[in-house]
**Student:** 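Let me give you the structure first, and then I'll get to my questions.
In what follows, chains are A, B, ... by sequence order, proteins preceding strands, each numbered from 1.
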Amino acid sequence: MPRLVSHPDEVKIISRRFGQGAENLDKYLELDGYKATQLALEKGADWIIAEMKASGLRGRGGAGFPTGMKWSFVPKQSDRPKYVLVNGDESEPGTCKDHLIFLHDPHAVIEGTIIAGLAIGAKMGFIYLRGEYRYLLKIMEKAVADAYARGFLGKNIFGSGVDFDVVTQTGAGAYEVGEESALMESLEGKRGVPRIKPPFPAVVGLYGGPTVINNAETIATVPHILLMGGEPYAKIGSERNGGTRLFGISGHVERPGVYELPMGYNLKKAIYEVAGGVRGGRGLKAVVPGGSSTPVLRPEEIDVGLDFDQMGKAGTMLGSGGIVVIDDQTCIVEFALRTIAFYQHESCGWCIPCREGTDWLKKTIGRVHAGGGVDKDLDNIRYLAENMMGRTFCPLGDAAAMPTLGFIKKFRSEFEDHLNGKPCPYARHEELVGA
Amino acid sequence: MSTPATTIFSPETAARFDRLVTLYPVRRSALIPMLLYAQDEVGYISDEVVKEVAQRIGITELDVRNVLSYYSMLRTKPAGKYNIQVCTNISCMLRGGYEILEHCKQRLGIGHKEVTPDGQFSLEEVECIGACCWAPAIQVNYDFYDELTPEKMDAVLEEYKTGRGKETR
Amino acid sequence: MADVTFTVDGKKLTAPAGTLLIDACKAVGIEIPAFCYYPGLSLQAACRMCVVRIEKMPKLQTACTTTVAEGMVVQTETDEIKQARKATIELLLGNHPLDCPVCDAGGECELQDMTFKYGAAESKYVEIKQHREEQQWSPVVFFDRPRCILCYRCVRVCGEGMDVWALGIQNRGVSAVIAPNGQDHLECEECGMCIDICPVGALTSGTYRYKTRPWEMTHVATICTHCGDGCKTTLGTRRSNDGMEIVRGDNRDKSGINGDFLCIKGRYAFDFANRTERLTKPLVRQADGQFKEASWSEAIDFAAKRLREIRESKGGQAIGVIGSNRTTNEENYLLQKFARTVLGTNNIDHHRTVDYVSFAAALAGKSERTASLRDTANAPAILLLGNDPTEQHPALAWNLRSNVRLNRARIYIANHAEIKLRRQAKQFLEIPKDGYASLVQYLAGNDSVVAANEQTAAFRDAIRKEESLLIIFGSEFRGRDIQALVEFGLSLPNTKFVLLGDYANSRGAADMGLLPDTLPGYVPVASAAHFADEYGAVLPQNAGLDLLQMFDAAQSGNLAALYVVGSNPVTRYGVDPAVLKNTFVIVQDMFLTETAQLADVVFPAANLYEKAGTVTNTYGDIQLVKKAADKAGVRSDFELIVRLADRMGADLKKLVPFGRGVRADMGQTRGAQSGEADRHSVWLAAHGLEPKLSPFDPFATLDEIQRLVPSYSFSRLELLAGSDQHAKSELVQISAAPARRDLVLPSQDTLFTSGTLGRYSDKLKEVLDSHTTPKPVEAAAD
């Protein structure tokens, strides 16, 4: 069972029911469960969207798109049924926050799904969990069944006259399916290859119907926002970055874990105070701030607020909130290799720059790390990554190129230390290929 | 597109599949879960599984193969009864994921995607399994074991070897 | 949609809103490179070669998925874009085997062209290339995985275009691979479209691979000799020991009536021409009953002498002539003229695959009522009665599928079998095999003739609501049934018709009067005054013997001679060999067919790929046949008829009105060799010049056809330019079909058969065998 952590600086909104037994529906109801849904049923779609807009909630999957705005893009009238799709395909290395939501607060996800459905006029929602999360799927399935049993789902929910169905779905191992249109393809029983956009999902999405697709954390936050009010929620965070979010701090820290911190919380503080600093009193070499696809920060760059805008200004991204801390005994080339090996493994193969680019990056960085690198390799790594950036079919190419560029630009000397037959200065694994 | 007269699956699984195809606006949405559950029962996606699933969904076997080959959890060869999946992605790597993998290789005497001669264990190096803050972590079939050390890993293996391990599907 | 104005590379352009940028650019000559984009197939945006810079857009955009918009400003070839394309090619080449020197696609490869254009010459990697063994997926399809760039064109053309869905994509990332539906082999229609559409040499042809280089071939676009669709096939020929050998057939030309399409027969079944059993020397039966090779003059003299004797002793009525479904219009016309003026007989017929005479009679005087093959690709509504186009008219099937997919055409099908095209049908009605005539009556309003139900009623209602309908029907309709169907069709507001006959020039055989009762243009033999005037001859006035009557006559000793041109009636009609034992039989053919084996004289004939002229497909589209191949020892049917006539003492100037047009040097001035002059005539034809020097000139006969057959009064210029010309059915001079026996015998060919000719194609045979004996399933492709 994943260990829960806590710290005084935390503001527990999404995580307030963690560890309270809220997967049990009665317990959940005790903890204000399904109040938000009933409120939403009472107040209607316009009110929901207004509150969501006021909350300043931005997508917790990583792109940070304002949720209220996303919902408002869905056309009111549609010939085809509309759908809500919850993205629980949590797969970005360094990220394990949704894991805890499904484990400890499954009904919050259901509630958020219903409310999103009410907001856009959908009658059906899907909660898609990555295939590896089978034990969490079972928890979700039970929660859904319990909700049906109480009339919270199905026909005439809460006696409101509104129908709403929720179906849970499992993936089967594919990072790319986390991309929203690839997720829809997967849910339709196809290969997880993204779709051409436009049209965007809000107009033509799942089964051709207008679809709102949100990250599980985003969805789980929704009921809390409606209960506390959009504006109060917004005030917790920083400018244009409402509320709190779950930050998973992993790697070389004393107290790794998932912490709920207000948006804009200082990254350095998060590492040194919240997570207890670098493990064993070692020095800090680097921080990957928001999942493996976000460009690395050097120690002198981490005095920055954890929100979408401040991280952008710092030349990186807030991403999925997975903060990976790297100590000074770590080989950055190996870290870069493990990162690109992941993207190479997960590239769907649809477009040339990503399919071939990730492979050549993996081969080249792998060779450099193993001591077979030559001088031109370092320029070529950069050249490859630069020529992938912005040129691929979907963001996976960028997700692979961005961190690579970060490593080669900010830690070039470490790469140089490996060239021309030199062994890894950190005596790390020579042949490391990834899964 | 039909329920086959004879099925290769257990009555429970067959009943589950009968229901599964009715859950979604299109039958095909049941494909990926169906393949995964079929694998849970059969051990891998055999030609027979492909055939029956294609028939149940109402698509060609080629369609099924196109999809199943995309997803890394689906396999077309048997794995061990207990498939040890060791995450070596960044967060786990930083906290000893490769040491766990190496340890498993030595303890089980098999490498990546190999099966022990008695068919009890298979080993797989996998990508991030979403347990980064509790690294290093592994999955045995669908069960998570986290904050591992070689010693704790030994205990996990021992549990399964002696038949006391969890068997969830 | 309304037009929008936008700027590309500084040029102001206008195109309908919604046009894809890549298409809009191509229309004005700005070529944006692309591997995955293919007009008419679904969009992929996968190769990233078509990236362009659009103002106000943060990233490069793919021109294949961007629709033009008002005020859009686009750059298509800046340094940034060139670099992006170069980088993409470098990535592809990283693992590409670069076996261009031996690759079939070398010289015709889009990857090669792009590499040349964007200069991706530097090798950035030191890793060993991933090698995979080539795989054979079918008798005609080979897959060379390392060459594949994953553009998915093959997958789409097979699925979306052919509705076969035999190719898929498996695995992911760099392991992604094109995979066949049989795991290690293909189970498909063997059309080879995947090979044609492959931009590189990943998919190669079982007939052509490793045979030659593209630039070593002469490429001649001519008309396929097989079914009645009349597709253009581009034949790649190479000089061989005994002429010009065909080594490849494909559709790289794409200018033909068939657009993107070509089926297995047009693509691979040219190999009969290269068979070693081909006759190359005339054969004359000796007193001992054995054939003996003879010289051309001996054989022709012998045959002509006997024909003349019989004509003089027994009269023309003792001679029969059977023509071909695969010879040119000029040859067919000449054959009937020879029969009627030189032999003096109306005993002329051919293997009739449908009843064109009744069709012509039903439509006489009605203008714009027959549809071109092209029309089938864009007619808004189609009623298909009988036939199975997927097997018998593959190009039509392609057009119908594309029409549904791209234009949302409505197809209504009534058939006695569940034909594959029902998958595209808006409504499908299964009817009894003998229920077609009743169905037409029902459609026309007679409720009592069929067991009407909701489905039939809906079918009829839908058809009658159509404002414009194309009725396509097969050999299930004959005689009065055709008349009734056409009458029903004409009762609807705007109807066109197609009658589906079987072979490359079946329509031409009927149009050109290879019939005992009608002259060219379906003129009844009794009202042939203007023909007699033109021919300067007296023509027999009474209808002659039809094909079966000829054999009856032979059996009863009343047919002294039979002249068979490119036909195998003995097998087709199951004629007892004994029937012909007292008949002098002359056969012109490529092979010693069952009919030829009974002959007294056999002339080795050229096939449609070895001659020039015109053919008419079953839709009435007249197209130019160009000489592509050459075989020493054979003569065209045209030449043989002329020489036979000459030796019988006919006036050749009357038979072939040559020498009237522009004269051209046929090589006499430099002493041209045999065969060379004919190739020269191909060159002349290609340049719009018509040689009119010799009695062997088919175009002189075409002049005469155009004078005498008003429905063939098309533009000669357009024909020579390679355009198909539609016969004008309203100008057919027939008012009612003559009362006659129904001699229609549908060939029942499938995708993999083609009458007697098909039996001589090794490739068709191999494919047929592989389809009847399924291969065991082995390990997966990867």
**Student:** Is Ser292(A) close to chain B through its backbone or its side chain, or both, or neither, when contacts mean heavy atoms under 4.5 Å?
**Tutor:** both
**Student:** Between Met124(A) and chain B, with a heavy-atom cut-off of 4.5 Å, which part of the residue counts as in contact: side chain, backbone, both or neither?
**Tutor:** side chain
**Student:** Using 0.5 Å steps for rounding, measure from the CD1 atom of Ile323(A) to the OG atom of Ser91(B).
**Tutor:** 11.0 Å
**Student:** Assess whether atom NZ of Lys152(B) is packed by more than 12 heavy atoms of other residues, nucleotides or ligands within 6.0 Å.
**Tutor:** yes
**Student:** Where do Glu127(B) and Ala341(A) come nearest, in terms of heavy atoms and distance?
**Tutor:** OE2-O, 4.0 Å
**Student:** Count the heavy-atom pairs under 4.5 Å between each of Ala275(A), Gly322(A), Ser186(A) and chain B, then report the option with the highest count.
**Tutor:** Ser186(A)
**Student:** Please rank Val5(A), Leu187(A), Ile326(A) by heavy-atom pairs under 4.5 Å with chain B and give me the top one.
**Tutor:** Leu187(A)
**Student:** Quick check for you: among Ala135(B), Pro136(B), Ser72(B), which has the greatest number of heavy-atom pairs under 4.5 Å with chain A?
**Tutor:** Ser72(B)
**Student:** Check the pair Tyr207(A), Ser29(B) against side-chain hydrogen bond (donor to acceptor under 3.5 Å, both in side chains), reporting the backbone distance first and the verdict last.
**Tutor:** CA-CA 10 Å; Tyr207(A) 309 115; Ser29(B) 282; 2.4 Å; yes
**Student:** Evaluate Arg3(A) against Asp146(B) for salt bridge (charged side-chain N to carboxylate O under 4.0 Å, His left out), listing each step before the verdict.
**Tutor:** CA-CA 9 Å; Arg3(A) 185 182 0 182; Asp146(B) 54 27; over 6 Å; no
**Student:** What is the ring orientation for Tyr133(A) with Phe144(B), classed by angle as parallel under 30°, tilted 30 to 60°, or perpendicular over 60°?
**Tutor:** tilted
**Student:** Atom CZ in Phe247(A), atom SG in Cys133(B): separation rounded to 0.5 Å?
**Tutor:** 12.0 Å
**Student:** Which heavy atom in Arg28(B) sits nearest to a heavy atom in Gly189(A), and how many Å separate them?
**Tutor:** NE-O, 2.9 Å
**Student:** Can you tell me which of Gly248(A), Ser91(A), Gly209(A), Pro93(A) forms the most heavy-atom pairs within a distance under 4.5 Å of chain B?
**Tutor:** Pro93(A)
**Student:** If you draw a 6.0 Å radius around NZ in Lys51(B), do more than 12 non-hydrogen atoms from other residues or ligands fall strictly inside?
**Tutor:** no
**Student:** Can you name the closest pair of heavy atoms from Gly171(A) and Ile32(B) and give their distance?
**Tutor:** C-CG2, 4.1 Å
**Student:** Counting only heavy atoms from other residues, nucleotides and ligands, does the tally under 6.0 Å from CZ of Arg164(B) exceed 12?
**Tutor:** yes
**Student:** When only heavy atoms count and the cut-off is under 4.5 Å, which of residues 249-258 of chain A reach chain B?
**Tutor:** Ile249(A), Ser250(A), Gly251(A), His252(A), Val253(A), Pro256(A), Gly257(A), Val258(A)
**Student:** Of the backbone (N, CA, C, O) and the side chain (C-beta and beyond), which part of Leu100(A) lies under 4.5 Å from a heavy atom of chain B, both, or neither?
**Tutor:** side chain
**Student:** Under a 4.5 Å heavy-atom cut-off, does chain B meet the side chain of Tyr175(A), its backbone, both or neither?
**Tutor:** neither
**Student:** How long is the straight-line distance from CD of Glu334(A) back to CD1 of Ile90(B), given to the nearest 0.5 Å?
**Tutor:** 12.0 Å
**Student:** Quick check for you: among Gly192(A), Gly94(A), Ala174(A), which has the greatest number of heavy-atom pairs under 4.5 Å with chain B?
**Tutor:** Gly192(A)
**Student:** Any side-chain heavy-atom pair from Ser69(B) and Arg191(A) closer than 4.5 angstrom?
**Tutor:** yes
**Student:** So how far is it from Thr168(A) OG1 to Leu23(B) CG, rounded to the nearest 0.5 Å?
**Tutor:** 8.0 Å
**Student:** Between Tyr71(B) and Ala172(A), which heavy-atom pair has the shortest distance, and what is it?
**Tutor:** CB-O, 3.2 Å
**Student:** So which of Gly131(A), Cys96(A), Pro81(A) has the largest heavy-atom pair count under 4.5 angstrom toward chain B?
**Tutor:** Cys96(A)
**Student:** Looking only at heavy atoms, which two atoms of Tyr70(B) and Cys348(A) are closest? And how far apart?
**Tutor:** OH-CB, 3.4 Å
**Student:** Checking heavy atoms, do the side chain of Glu147(B), its backbone, both or neither come under 4.5 Å from chain A?
**Tutor:** side chain
**Student:** Among the options Asn89(B), Leu101(B), Leu68(B), Leu74(B), pick out the one with the most heavy-atom pairs lying under 4.5 Å from chain A.
**Tutor:** Asn89(B)
**Student:** Under 4.5 Å, counting heavy-atom pairs only, tell me which of Gln139(B), Lys113(B), Arg95(B) racks up the most with chain A.
**Tutor:** Arg95(B)
**Student:** Just checking, any donor-acceptor pair under 3.5 angstrom between side chains of Tyr142(B) and Arg134(A)?
**Tutor:** yes
**Student:** For the side chain of Arg338(A) and the backbone of Met93(B), is there at least one donor-acceptor N/O pair under 3.5 Å apart?
**Tutor:** no
**Student:** Is it the side chain or the backbone of Thr170(A) that comes within 4.5 Å of chain B heavy atoms, both, or neither?
**Tutor:** both
**Student:** Which distance, rounded to the nearest 0.5 Å, do you find between the CD of Glu188(A) and the OH of Tyr24(B)?
**Tutor:** 12.5 Å
**Student:** Counting only heavy atoms from other residues, nucleotides and ligands, does the tally under 6.0 Å from CG of Asp118(B) exceed 12?
**Tutor:** yes
